[in-house]
Amino acid sequence: MSLEFLNELNPQQRQAVCHTQGPLMIVAGAGTGKTRTLTCRIAYLVREAGVDPANILALTFTRRAAWEMKQRIAHLLGEKEFMLPEIGTFHSVCAKILREEISVLGYDRDFVILTEEEQIDLLREAGAKSRPEANACLKQISAFKNRRCAETGAPPLFSEYQAALKQRNATDFDDLILHVLRLFETTPQILNRYMDRFRHILVDEYQDLNPPQYMLVRILTGPDQNLCVVGDADQAIYAFRGAQVENFLNFQKDYPRAEILRLEQNYRSSPVIVKAAEQVVSRNTLRMEKRLWSDAETGERIRIMEVGDEKQEARWIASRIETLLGGTSMFHHDTDRIQAGEDPGHYSFSDMAVLFRLRAQARPLQATFEQAGIPCRLLSGERLDRRPDMRQVRSLLRFLAGPEKDAVLPGMLKASLISLSKTREQSSLQDLIRELSGICHLDEITLRSLKAMALPYLNLTWGTSLPSFLHDLCLGRESDLFDPRAQAVTLLTMHAAKGLEFPVVFICGLEEGLMPYARDGSPSADEIEEERRLFHVAMTRAMKELYLLHARTRILYGSPLPGEPSPFLQDIEEALFQADVLKKKSRPPKKENQQLGLF
DNA sequence: CTGGTGCGATTTTTT
DNA sequence: ATCGCACCAG
């Protein structure tokens with residue numbers, strides 16, 4: 001029985017880990033080791049406090065976070081010694097519960113989870129005139145569901161939509177949570193069973209809970225109130241999808257016995273970066289008392305660059321990337337010898353990320369990087385579930401998996417599949433996928449993803465594996481497959497960057513109007529605070545070097561924007577940065593290949 | 001039914 | 001600037 005992991009924790013972390021009874025709120029700033037603390041706490045509960053892992057539930061928002069936590073717990077608890085606690089996203093845990101209990105609500109246990117595309121189709125059948133209308137409708141319905149408390153009347157087509165779902169034995173993502181909530185509210189026996197089972201509940205990113213998720217946690221928390229939540233009000237950036245920071249700020253009101261612990265030592269970034277990020281976010285009013293610090297080496301000053309336009313911005317970043325690769329050649333990525341931090345200034349492509357507010361900003365960056373021969377990947381670029389061929393696969397699999405019910409299939413395919421399912425009942429998922437790729441004309445990316453996703457199920461016969469495979473598919477397990485070790489610069493939105501870290505970070509488009517983003521008119525005070533948090537999140541992704549860029553003018557959605565520097569830049573004290581201006585470079589009219597000369 | 005054309009909208013995103 | 005969609009013509 002080893003608890004040596006305790007030695008690697010700082011006093012605050014250890015305090016959080018060793019607190020095992022009653023409600024606990026851990027206020028964990030960016031990069032303060034919150035996942036480590038959470039996982040150690042679970043290990044401690046099991047190894048030291050004698051809690052049965054079966055009595056522990058850990059809830060996260062993303063599958064990545066759940067996966068990460070599982071890995072670390074498995075490591076801390078030892079492979080075979082203990083079973084794993086229930087660790088999963090809100091949605092996956094709810095889906096699991098519903099697989100057991102949903103008959104109470106009048107659905108079949110083999111209900112399907114609709115993707116966005118399928119929701120749209122459903123709405124159009126339910127009476128939406130056009131696609132945009134269905135889109136708007138869906139947005140309203142989802143917003144309505146995510147703010148469950150404000151009973152401001154259901155949006156148009158709401159009841160039609162819900163009826164159609166039920167009629168097809170289907171749910172959408174929002175309903176996964178809402179159904180479980182309803183189950184618990186209306187059926188005390190079921191609630192008591194789960195309450196009795198999950199005696200210790202841990203919630204990650206508590207500041208991001210929307211009302212249904214918040215209520216779910218509240219209702220499921222038993223009389224012992226062994227509820228541990230972790231979060232950071234300064235990283236609340238999802239108000240637009242119903243998250244309410246107030247849940248976090250009010251924790252002690254909801255659970256008066258709650259203890260509050262703060263993790264304030266940042267292990268990720270240089271003191272310069274931590275300080276600057278703090279200075280920016282401390283202008284907010286809606287936050288929790290907390291100060292982040294780092295005792296790492298002071299580090300480079302932040303560079304603030306003023307450039308002419310988005311093209312110049314991209315080019316400057318590209319050339320900077322080349323410099324950071326270690327000087328003269330940019331072919332280091334072929335060799336694996338270069339480790340981040342081994343030799344200051346020598347980074348690999350995957351050590352660097354470019355962050356922006358709007359997806360629309362990615363294009364010029366991609367174009368320029370391609371010209372410069374810099375490999376890059378756009379994170380959360382294409383969603384696999386939006387591919388038409390993947391969609392087809394999904395309905396085919398559904399058809400094969402269940403009683404044929406409402407399979408919406410082109411007749412021709414239906415015919416070939418019936419024969420397929422007859423002849424293939426003894427064969428493997430692998431074979432099935434091969435067959436499917438023929439029938440659906442899958443493109444290479446889709447096929448590769450499908451194969452990767454099927455990997456865990458390959459040794460089962462498809463009769464047993466298909467339902468679980470399909471279930472995974474519906475919960476969107478597909479987007480896991482991006483390779484985090486890809487030798488490429490990462491391009492991503494500031495939102496998508498949350499939870500990630502990179503030695504070198506470029507944040508671009510830091511102009512008034514873009515950051516904070518003013519869609520139409522000027523943003524409200526609340527919105528500005530949220531944008532400021534977003535900028536804070538972006539800054540704290542950087543470990544060693546941080547570059548902040550703003551352009552004097554920028555073409556966005558086809559028309560030019562004026563470019564005052566973002567007011568957020570004013571909040572950083574001068575000692576922490578070095579500012580440079582890139583003068584307009586007179587370019588001969590020839591556009592092609594012109595840029596190559598720069599490198 | 002299919003391909004061309006023109007119009008409008010275009011934060012941020014997970015599951 | 002770009003993309004997707006609705007609509008229309010063949």
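Please read all numbers here as calculations on a predicted model, not as lab measurements. Every chain is numbered from 1, with letters handed out A, B, ... down the list of sequences.
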Taking only side-chain nitrogens and oxygens of [X], does any of them come within less than 4.0 Å of OP1 or OP2 of [N]?
X        : N      : result
A:Tyr557 : B:dG8  : no
A:Arg554 : C:dA1  : no
A:Arg359 : B:dT13 : yes

Polar atom pairs (N or O), protein with nucleotides 6-9 of chain C, under 3.5 Å:
| from | atom 1 | to | atom 2 | distance (Å) |
| --- | --- | --- | --- | --- |
| C:dA6 | OP1 | A:Arg131 | N | 2.5 |

Separation of [X] atom [atom1] from [N] atom [atom2], in whole Å?
X        : N      : atom1 : atom2 : answer
A:Phe240 : B:dT11 : CZ    : P     : 11 Å
A:Phe61  : B:dT14 : CZ    : C1'   : 9 Å
A:Arg63  : B:dT14 : CZ    : P     : 9 Å
A:Leu59  : B:dT14 : CG    : P     : 19 Å
A:Phe356 : B:dT13 : CZ    : C1'   : 14 Å
A:His91  : B:dT13 : NE2   : C1'   : 11 Å
A:Gln213 : B:dT14 : CD    : P     : 14 Å
A:Ile177 : B:dT14 : CD1   : C1'   : 10 Å

- Message: Using the side-chain heavy atoms of A:Arg357, tell me which of these nucleotides is nearest: B:dT12, B:dT15, B:dT14.
- Response: B:dT12
- Considering only B:dT14, B:dT13, B:dT11, which nucleotide approaches the side chain of A:Thr493 most closely? B:dT13
- Taking A:Arg541 for its side chain and A:Leu500 for its backbone only, find out whether a donor-acceptor pair lies under 3.5 Å. yes
- Message: Suppose we screen for side chain to side chain donor-acceptor pair (under 3.5 Å). Which residues come up paired with A:Arg268, at least two apart in sequence or across chains?
- Response: A:Glu501
- Pairing residues for A:Glu531 by the side chain to side chain donor-acceptor pair (under 3.5 Å) criterion, not counting sequence neighbours: A:Arg357
- Tell me, please, which residues at least two apart from A:Tyr238 pass ring-ring contact (aromatic ring centres under 6.0 Å, His included). A:Phe240, A:His495
- Query: With under 30° as parallel and over 60° as perpendicular, where do the rings of A:Phe173 and A:His91 fit, or are they tilted in between?
  - Reply: perpendicular
- Aromatic ring pairing A:Phe184/A:Tyr194, orientation class (parallel under 30°, perpendicular over 60°, tilted between): tilted
- Item | Sugar-phosphate only, base, or nothing, as touched by A:Arg363 at under 4.0 Å among non-hydrogen atoms | sugar-phosphate
- Report the C-alpha distance between A:Tyr517 and A:Glu527 in whole Å, list the side-chain angles of each, state the deciding distance to 0.1 Å, and finish with yes or no for side-chain hydrogen bond (donor to acceptor under 3.5 Å, both in side chains). CA-CA 9 Å; A:Tyr517 185 57; A:Glu527 286 167 334; over 6 Å; no
- Of the residues in residues 517-527 of chain A, which ones touch DNA chain B at a heavy-atom distance under 4.0 Å? A:Tyr517, A:Arg519
- Query: Is there side-chain contact between A:Met539 and A:Ile572, with heavy atoms separated by less than 4.5 Å?
  - Reply: yes
- Message: Does anything in residues 96-125 of chain A form a ring pair (Phe, Tyr, Trp, His ring centres under 6.0 Å)? List the pairs, not counting sequence neighbours.
- Response: A:Tyr107-A:His179
